[in-house]
Every structure is written in C-alpha cells, then in structure tokens.
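Just so we're on the same page: letters track the sequence lines, and every chain starts at 1.
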Amino acid sequence: MFTFEKKKKDTMVLNMGPSHNATHGTLRIVLELDGEKIVNSNLEIGYLHRGIEKMAEQRTYNGFIPLTDRMNYVSPIMNNISYALAVEKLLGIEVPKRGQYLRVIMNELTRIADHLVAVGTNVVDIGALTNYFYFFKERERIYDLIEKFVGARLTTSFTRVGGIARDVPDGFESDVKSLLKEIPKSIQDVDKLLTKNRIFMDRTIDVGSMTQEKALEYGFTGPVLRATGLAWDLRKTQPYSSYEDFQFDVPIGENGDTYDRYLVRMEEMRQSLRIIQQAIDNLPGGPVSVDDPHITLPPKEDVYNTMEGLIHHFMLIMYGIKAKPGYVYFGTEVANGELGFYIVSDGQQYPYRLKVRPPCFAIFQAFPEMIQGHLISDAVAILGSLNIVAGELDR
Amino acid sequence: MVDYITVAIYTLMSVLVFVLILMTVAFLTLAERRVSAFMQDRLGPNRVGPWGLFQPVADGLKFIMKEDVTPLEANKVLYTVAPLLAIIPAMLTFAVVPFGHDLFLHGRVINLQIANFNVGILYIFAIASMGIFGIIIGGWASNNKYSLLGGLRSASQFISYEISMGLAVIGILMVYGSLKLNDIALYQGSLWFNAVPKWGVLVQPLGFIVFLVSVFAETNRVPFDLPEAESELVGGYHTEYSSMKFAFFFMGEYANMITASALIATLYFGGWQVPYLHNIGFIIPKLGIVHLQQWLVAIIEVLSFVVKVGFFLFFFLWVRWTLPRFRFDQLTALGWKVLIPLGILNIVITGALIMLRII
C-alpha cells in the first residue's frame, strides 16, 4: 500500500510519473518540494508488473526464454544468456566453446547497446539532445546485426538451454568487425561534446553521490557500484561463459556520483569492444549447442525429413527438459549489474519456483536517499544515470 | 501639417516588417528542425513541399484544427491573455531596430526603421520585460504544478539576467553616446585608428559576451531553457496549453529570438553597416573610393543586416543542439556572481578607455 506523508509544513507535493518524460517507463516518484528543493520523496513500483516469475512455473525451461526478453527490454540478449546459464548450471552441462564465444560477442554488443541507451537518455534529461542521436545511430547498427543473426531486434530469444538457437549466418564476422570500427567514433564524438563540458560537469559532479559502504549495504551492482570505486565485476570475479579467456579492464570511479557513472559506462563500452575484438579473432569452430538429445533440439533437416527427428522434436517441445530436483542460483554481469536467476526444481519439466534478482531493484530503493536535498533537475539526472528499466524492476 | 505620404510609407513598412517577422518565425521553426536534423545525422521534415518548405503551413493548420483545452480549475481570463502577452512584446520590440541607412527620396528622409525613438534602448528594455509576464501568468493560471514551477523559474531567471543585459548595454551607451539604435548603428561605421570599423564587438568584447549570454537567458533558449525544461517539467509553463494558444507561446519564443539576433547585430556587429560602405560607395582609407548608386547601397545594407541576423539565428540553433541545460541554482549563480560583476567591470574598463581617449 503506497502512502505519502508530508514531512514539513508549507511544502508542495509533486507527483512525477508513472508517466513522465524523465521516468523512461512506468515509475512513480512522489516528491515533497520546498521551492525546487526535494525534502522528502517516496517511490511506487509495480506499474509494469506482469507476473513473469509466476508464469515461469507453467512453462518449460526453454519456454520461459521469450519472457526473459521482456524483462530488461534495453538489453534482452543479456537476459536470455543469464537465464540459459542458470538452467545449464541446474542441469550440470557446459556449452561448447563456439557457443560460449558467440554468447560473449552478443553479450558485449548488447552491453554496448544498453550503455548507449543509458548514457544517451541520461544526457537527454540533462538537456543535450544531439548526443542521443549519435549514440542511437550506433545502437541501430548493433540492432541491425542482431536482427541479421537472431531474426528479431528486441524480442531476441537468442539462447536455448544448452547453447544458442542457431549458428551465425555468413558474413557475421566481417559485420562485427565493421561495427568495431564504427562504434568508437561515436563514443569519441560524445566524449568530446560532454566529458569536459563545463555545464555537463556542473550538472553531474557530486550529484547523487553514494559511498561505497552505503552502496554495498543497498546491494548495488554494476556500473553504479563500480562508480563508487569497487572493481566488482562478475565477469572478472566469477568468470562464466569463457570470460576468463579475454583481456579487459574493469573501469571504476571515485565518488559514485552521476559523472562517475557516466565515465564508467563510457569506458565499459570501450572495454566491451576489446572483448568483442578478441572473441571474433579467436572464434573457435565446432557446434554451438551441447550434444545431448535430452536438451538440444534436433537439426531442422531431420525434423522435416525423418520420423525419428520429428518425434524427437515433439518430445522436447511437448515435455521439455527435465532437471533433477534441486535448486540453483546463478548471477551474471549484465549492463545494469548482477542479474541472477534462482531456480528450484522438483524434477519436473517446469521449475517449481523461479526468482529473478534484478539489478535495478536494489539500485532504485536508494533513489530517495540519493535525491534528498537536491533539486528536481538533479533528480532527473540521477534517475537517468541509474538506468532503471521498469520491465526488469517490476517483472 | 501631417505628411500623409510619410505616414503611408511608415504604415506600409510596419505591416511589411510584421508580415516578414511572422514569415521568419514560421520558417525558423522549419529551420530549427532541419538544422537539428543536420547536426544529428537525420533528414528532418522534407515531405511537405520542396525540401519540406511548406511544413510551417501544415504545422499552422494542425495548430488551428487542434482542440483548445482550458483546464477546469484554470483562471480563464489570465489563461487566455498569457499567450498574447508572450507574443506581442516580442513583435513590438522590433519596431526600433533599424535595418538600413536613411533614404533620401524626393527631398523626403525615410528611416529604414519603423520608429526612430530617442529612447530606443530603454524602449527595448521596457517592452522586452513585459514578455516575461506572459510566461509567469501562463504558468500560474494553468493551475498545474509543473507550469507553476516553470513560471517561477522564468521569473527569477529574467530578474537575474535583465540586470546583466542592462549593464552590458551601458558600455555601448558610453561608447556611442546615444540611445537611438540608428545612431548606434551609424557610429559603428566610423573607423578606429583609421583602419578598423568601430563595431561593438571590437570596442566592447567583454560587454558582448555578457550581452550574448544574457540574451540567451532572456529568450529561454538552451542552455537556459529551464522554464520549459522538457525532461524535468514536462512542458514547463506551457504544459497545459494546446492549439493556437500553445502556438502563440511557440511563436513568441521564435519572435524573441529574431529580435534578440537583430539586437546583437545592431549593437555589436554594426547593424546594417558594411565595413567601409558609405552613402556614396566604398571608401577605403589610403586605397580609394568605389562609387555606388544610392539604391544599391541601400540594398547592400539591408542584405548585410539580414545576413547578420540570419547568422545569429543559426547561432541560436547551433547552441541549442550542442549544449546541455543549466540547473536552476547554477543559472542564477552565473547571473549574479559572474555576469553582473563582469558587466560592472566592463563599465569601469570602458570608462577608463574613454578617459584615455582610446575608444
């Protein structure tokens, strides 16, 4: 039940959202204002709640993948990968190297796309609109590549349990390489326009600062935590999907303010480009999915041409993958922080319970504290820098 | 005795200028979209007519057809008056801006200026400050918290920057010794050290910067567009406005930009002056004279004024699509702590230079 009580006399209560230009989704923020200064605030979430976790209990393990697209709709592929890795841990299988590398490439491309949106919309809220278009041009290229590979732009459903849906099309490597040449230019452009811009620095430095201790207490992860100075990146600390094979740095900030978050995201994009470069240079051959008939669907030629293949296909689609009873938690480093899936299996083809640990939820709860004493303009700048995605927050 | 022909000429001229400003406003909205598109690797509106030239017509039609909503609890009278208050002063200010040298036709002197007031600059300040009432009243009358915040921001912004703008102009007054804009433009044609035209920007570089920043704040353009700050205050003072009422606010903003550009050009870039161009033609010291007809000189001068105004209009757009927006407290801090001291410093320096007979 949402309640809001005024703390001071002679103040104005301003309702921001659930539909407001700066909320980029459906978040409701109620502000108590003294002039333009925020003296008190409260949040209401749940406007985009669709019961994804409950829906998982009636779906096969592969059948849940399309729903993960709809969590963080800015970087759907990362959700697909994160979920697939969790189920694979439950089943105790490991994807072949080629599948892992392709996942890494797509993961990092999506991370770049996500950061492009996060930084782009953040600076739009601060008032610099042109940078947004410089970034969205590159995001468009990335989405074109994703569309070529996966067939969809947003609702990718890229992974399958035990691998990926299909191998890459011809020309994928050259497409990725040309992207690697283009993206740094746009990052450079925005860097020149903003990083040393006096107005931008005034608007973001010491705005929404967070100490490292506080950030850890709140359960921050991802760029928002790294901006406070802690080099905590699951790709480094608990490598998965062959991340240990790649050389990359984990950029950190100092003050945990909006400016540091911007810098961390900008640098992370460059590091992601490094990872993609290494992965595409050393892309191994071989299958992309595990060779286990209980998990992986048969090739389409068999399904259409042989009775056994058709039965095999139908069995997997109708009855799904059966996991042994048990429970598993697996967290991956997505663009916003740690996205974890907690899955309890009772031995059936459906999970008994599935719980998502979204990075936004932990970050957003600190928002009232971050904006306390700031102005409305700061609240907007801070909200943008946290990159709260309502789909992931409310599920 | 009333000279009816002169009255007719000035009436015609004011109607012409009025129509031209409205046309410029219309095409400026198109230019804004095309320029921003150019800067952002897009195309912009290019479907209506050749190169999208009829887009403003389509926009205007759309505005007229839209439903005109008045919020239930709004103060209806003020809510209706506010858009008019926003656009009328913007138009009125242009009356004293000269756009060419006096013409001598059949023994009659025609000022290429609608009203050659002896208090030109004071008139501008008086009228321009009225434009802010439209925004404040509009913000207040809408009965919307976002509008109210926009109106309040606008009020304090205007108070802060009106002063620095005035201080910057005092420097100009000291140098040229006249309140008439035509005189100011005329004096800028005289030569400094017999070589460089005495343009305001050369004589008053510091004053120019103060004036430029203040003018940006006065017109509510990025980086000072806080009263409407789309991402923060939804639409600011015009959140509740729709249809032609909104269009009036919109046109007021662009008309203000045109007046501001004309003022920058007149006060600091010689107005209609072209360097070394006089009534009889180009006079270049030590090099010689190029004789020109009077009508040709007049056309060159008006063109020069148009080009200068056009450049500053482009400059307004250019800045808008490049810079982020200030925060409320930073904006007032810049006005009071930086621009006003700079304006005073400028007056002191100007006084000293005049004493030393350098300018």
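- With sequence neighbours excluded, no residue satisfies salt bridge (charged side-chain N to carboxylate O under 4.0 Å, His left out) with A:E392.
- For B:F314, the CZ atom sits in a packed shell: over 12 heavy atoms of surrounding residues, nucleotides or ligands are nearer than 6.0 Å.
- Residue A:L129 touches chain B through both its backbone and its side chain, counting heavy-atom pairs closer than 4.5 Å.
- Residues passing the side chain to side chain donor-acceptor pair (under 3.5 Å) test with A:K148, sequence neighbours excluded: A:D175.
- Within a 6.0 Å sphere centred on CZ of A:F361, heavy atoms belonging to other residues, nucleotides or ligands number 12 at most.
- When the side-chain contact (heavy atoms from CB on, under 4.5 Å) test is applied to A:E254, the partners found at least two apart in sequence or on another chain are A:D260.
- Residue contact with chain B, scored on non-hydrogen atoms closer than 4.5 Å, involves the side chain of A:L193 exclusively.
- The two residues B:P324 and A:L194 come nearest to each other via the heavy atoms CG-CD2, 4.1 Å.
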Which donor-acceptor pairs fall under 3.5 Å between chain A and chain B:
from   : atom 1 : to     : atom 2 : distance (Å)
A:V13  : O      : B:K145 : NZ     : 2.4
A:N15  : O      : B:Y146 : OH     : 2.8
A:H20  : NE2    : B:E232 : O      : 2.9
A:N21  : ND2    : B:E230 : O      : 2.9
A:E36  : OE1    : B:R153 : NE     : 3.4
A:E36  : OE1    : B:R153 : NH2    : 2.9
A:E36  : OE2    : B:R153 : NE     : 2.4
A:E36  : OE2    : B:R153 : NH2    : 3.4
A:D125 : O      : B:S231 : OG     : 2.8
A:I126 : O      : B:R325 : N      : 2.9
A:T130 : OG1    : B:Q40  : NE2    : 3.3
A:T130 : OG1    : B:W321 : O      : 2.4
A:Y134 : OH     : B:M39  : O      : 3.1
A:K137 : NZ     : B:D41  : OD2    : 2.9
A:D202 : O      : B:Q330 : NE2    : 2.8
A:R203 : NH1    : B:R325 : O      : 2.9
A:S377 : OG     : B:R153 : NH2    : 3.3
A:S377 : OG     : B:E232 : OE1    : 3.0
A:D378 : OD1    : B:R327 : NH1    : 2.9
A:D378 : OD2    : B:R327 : NH1    : 3.3

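- In the displayed structure, B:F133 atom CZ is contacted under 6.0 Å by at most 12 heavy atoms of other residues, nucleotides or ligands.
- With contacts defined as side-chain heavy-atom distances shorter than 4.5 Å, the pair A:L33/B:L149 qualifies.
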